[in-house]
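Order of appearance sets the numbers: ligands from 1, and atoms from 1 within every ligand. Only a predicted model underlies this, so the values are computations on that prediction, with no experimental measurement involved.
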Amino acid sequence: MSVRMRLQPEAIGSGLTSQRVRDRLVERLRENGIRDERVLNAIRTVPRHLFIDEVLASRAYEDTALPIGQGQTISQPWVVARMTEALLACEPKKVLEIGTGSGYQAAVLAALGLEVHTVERIGELLRTARKRFRQLGLNIRSKHDDGRIGWPENGPFDAIIVTAAAPALVDALTEQLAVGGILVAPVGAANSQSLLCLQRDADGRITQQTLGPVVFVPLLSGMVD
Ligand code: SAH
């Protein structure tokens, strides 16, 4: 896999952000059932420590969610890997992410060579994520908006990934899914959700499977600066 990213010295890291530490995370993900080498390679390459505050950088390659400010979190690497693996099953080209947050999940998708569109409702987080995309030379399309409306002007999308939890699937998003496309989203109560993976077939029928329990921050309405 060719990883499309510019790697400056700070992106390569040292000590607790070194390649050796990242390789250990990848081995852990492999032991925990992540099989797709393309995904493992993307996780190995994308510098997660640049997507969190410097004071937390030493924890960047632990398999855990971490705070990113504004009451939000960067997802656990295993969850990012599992969701990405699920999306790749339909061999997508154009992907929509709802909930840019730190920008890490979007960067992993872009490193896989996908055309990434991402929407974030908190302006402050989106501005920081955009800076990171620029630093890493990642060409990611992003929008400050309430992602529950999706991005209809740019759709349909071969795959859609929702990285915030809602009590039910959002119809506007399912409607923007191309034929054969896969949508992955955490659905359920505030403190625990099921990771749903659904695919739209040629007749417009939707098939659905559950990938397991997850905990995400809530999908909220409206926008904030
Ligand atoms: N994918 C992110 C995870 C971020 S946590 C990462 O890799 O870091 C979930 C994000 O979803 C938060 O930043 C939150 O502000 C955002 N969010 C919640 N509701 C949203 C909505 N309706 N539209 C867009 N973003 C939303």
## Note on the structure
shortest atom 4 (C) of ligand 1-to-protein heavy-atom contact is with T73 O, 3.2 Å
### Task
Using distance alone, determine whether I98 and ligand 1 share an N or O pair under 3.5 Å.
no
### Query
Has ligand 1 got any nitrogen or oxygen that is less than 3.5 angstrom from a nitrogen or oxygen of L125?
no
### Message
Just to confirm my output: which protein heavy-atom neighbour is closest to atom 11 (O) of ligand 1, and how far is it?
### Response
G99 CA, 3.2 Å
### Task
Would you mind checking which non-hydrogen protein atom is closest to atom 9 (C) of ligand 1, with the distance to 0.1 Å?
T163 O, 3.2 Å
### Query
Just how far is it from atom CD1 of I68 to atom CD of E124, taken to the nearest 0.5 Å?
11.0 Å
### Message
Measuring from non-hydrogen atoms of T100 to any atom of ligand 1, is the shortest distance under 4.0 Å?
### Response
yes
### Task
Using a strict cut-off of 4.0 Å, indicate which atoms of ligand 1 neighbour a heavy atom of V119.
24 (C), 25 (N)
### Task
State the NZ-CD1 distance between K143 and I98, to the nearest 0.5 angstrom.
7.5 Å
### Shortest heavy-atom approach to atom 12 (C) of ligand 1 - which of Q72, Q105, Q70, R48
Q72
### Message
Among all the protein's non-hydrogen atoms, which is closest to atom 18 (C) of ligand 1, and how far away is it?
### Response
P218 O, 3.5 Å
### Task
Provide, to 0.1 Å, the distance between atom 15 (O) of ligand 1 and the closest protein heavy atom, together with that atom's residue and name.
E120 OE2, 2.6 Å
#### Entry: Gap separating the CH2 atom of W151 from the CG atom of L96, nearest 0.5 angstrom
8.0 Å
### Query
Going by distance alone, is a donor N or O of one side chain under 3.5 Å from an acceptor N or O of the other, for T84 and Q105?
yes
### Message
So for ligand 1, is G147 a polar contact partner (N or O within less than 3.5 Å, distance only)?
### Response
yes
#### Entry: Per-atom contacts of ligand 1 with V217, taking only distances under 4.0 Å to non-hydrogen atoms
5 (S), 9 (C)
### Task
Mind telling me whether Y104 and F51 have parallel, tilted or perpendicular rings, with 30° and 60° as the class edges?
perpendicular
### Query
Under 3.5 Å, side chain of D158 to main-chain N/O of K93, donor-acceptor pair present?
yes
### Gap between atom CD of E62 and atom CG of L25 - 0.5 Å precision
10.0 Å
### Atom indices of ligand 1 within 4.0 angstrom of S75 heavy atoms, with elements
3 (C)
#### Entry: Protein contact of atom 22 (N) of ligand 1 - nearest heavy atom, named by residue and atom, plus distance
L220 O, 2.6 Å
### Task
Would you please test S142 and E120 for side-chain contact (heavy atoms from CB on, under 4.5 Å) and show each step?
CA-CA 8 Å; S142 61; E120 171 58 55; over 6 Å; no
### Query
Of the choices S102, G101, A65, which has the non-hydrogen atom that lies closest to atom 8 (O) of ligand 1?
S102
### Query
Do V162 and L173 come within less than 4.5 Å of each other through their side chains, counting heavy atoms only?
yes
### Query
Taking heavy atoms and a distance under 4.0 Å, where does I122 meet ligand 1: side chain, backbone, both or neither?
side chain
### Summary
Output for pair (T207 OG1, Q199 CD), nearest 0.5 Å, gives 5.5 Å
### Full working for side-chain contact (heavy atoms from CB on, under 4.5 Å) between F157 and N154
CA-CA 8 Å; F157 299 93; N154 288 6; 3.8 Å; yes
### Task
Give the single entry among E124, K143, R121 that approaches atom 20 (C) of ligand 1 most closely by any heavy atom.
R121
